**Q** 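I am attaching a structure below and will ask some questions about it afterwards.
Since this is a predicted model, take the numbers as computed values, not measurements. As the structure lists them, so they are numbered: ligands from 1, and atoms in each ligand from 1.
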Amino acid sequence: MKKNVLFLLLGVLLTISISILSFNSNDPDENVATRTGLVQDRDVYYPGTEDLAADEMRVVALGTGMPNARPKQAATCFLVELGNGDKFLFDIGTGSAERLSAMKIPYDYLDKLFIGHLHSDHIGDLDALWIGGLVSNRVAPLRIWGPSGAEEKYGTKYMVEHLQKTFTWDTDGRVGNVDTRGLAIEVVEFDYKQVNKIVYDENGVVIRSFPAIHALDGSVSFTLEWNGLKWSFSSDTYPNKWWMKYTLNSDLAIHECFASPKILIDKQKFPPGTALNVGTQVHTSPVQFGKVMATIKPRMAVAFHFFNDYDTQPLVLQDIRSVYDGPLSLAQDYMVWNITKDKITTRMAVIDEDIWPQKSVLGTLPADGSKRIGFSKYIWDGRVNYTELLKKIYEDINNEYGSSVPDPGKEQ
Ligand SMILES: [Zn+2]
Ligand SMILES: [Zn+2]
């Protein structure tokens, strides 16, 4: 009797196993996803793996935080990529260059930077884009568009010239060691007072500027129009009449939304007077942001420039929602928007931390060693030369890569 039950049980198990196997083999497509891990929907964005459609715009938040540094949010930077292949950076705040590297874009394509104003949280990683870009194989010169100021010393040109002076030791020391063509910077400084005038018009892309009201004269905001899509970016500003007028019909409108005075007191440890002044007069507070968006009614409103945490987000959202009920993104670093005339999707990028630079698309040239400034005899004579070891390194590399780089040890 017991034997019979056992056989019966085995028979049932065998039948179940066969039916599972036959189900799989009868319907191979049905189970491809479970067998190989391939899924149809991309709920996240993996940089370097998605082509844009010819009519599509992608915007990536590479810095959404405050003027003070924190691991979770870099300072202001947004990347705009278009279906025609063009890419534009807007502001390059402290910490944002690291986020930019995670996009895996060849640096020759990251040669166009637009600056809204000259606060460190909007230009603090300019050296990392400029020289860091060079050592990441950018050969193309860096092109920078930025506003003038009320005086020459408050303008973009002055800032860039002095940044170049600051890095004199750095840049002179690279000449003759690497391809330094990418050190060239072209600055287009435009009148900060100009209203909705074109600052860039190439390849079907039109970028306009108009004044912003922030800290000093010389802050501006931008719109970018291409292929019937309109993108707006405030940089930093108090709510103002130009933004209200010239960002109407925006598909994606990115406006600063600073931490509210209460957050600035409780979390940032500002005294109430400073919190109220900075939070509502120098910047736009969340409720003011809500009013701005309720007026211009974009297809998608994007709030940035606050620390977006589990305890601050509800407060910021409550303030915004008290006056604005339209589409809204509370930006955080690596948020990605894909925009077409029909659809806007919001996702998060999933990044690879083990980033290496891409190849130059223009091609790097070997450095001309004769241009090297070199060392004084006093320093040079301090070298300890492992002549035989170096000879072997040069030989091995030349053999493996088919190169013919002469061993400099022969000159020693
Ligand atoms: Zn600012
Ligand atoms: Zn700022």
**Q** Could you check whether atom CG of D325 has more than 12 heavy atoms from other residues, nucleotides or ligands sitting under 6.0 Å from it?
**A** no

**Q** Should we say atom NZ of K72 is surrounded by more than 12 heavy atoms from elsewhere, each under 6.0 Å from it?
**A** yes

**Q** Check whether any side-chain N or O of N240 sits under 3.5 Å from a backbone N or O of W242 as a donor-acceptor pair, and report yes or no.
**A** yes

**Q** Spell out the protein N/O/S atoms under 2.8 Å from the Zn ion (ligand 1) as residue plus atom name.
**A** H117 NE2, H119 ND1, H214 NE2, D236 OD2

**Q** To check you understand the geometry: which heavy-atom pair defines the closest contact between Y324 and G290, and what is its length?
**A** CB-O, 3.3 Å

**Q** Tell me, which N, O or S atom in H305 is closest to the Zn ion (ligand 2)?
**A** NE2

**Q** Do the two ring centres, one from Y154 and one from Y192, sit under 6.0 Å apart?
**A** no

**Q** Ignoring hydrogens, what is the shortest heavy-atom contact between W337 and A331? Give both atom names and the distance.
**A** CH2-CB, 4.2 Å

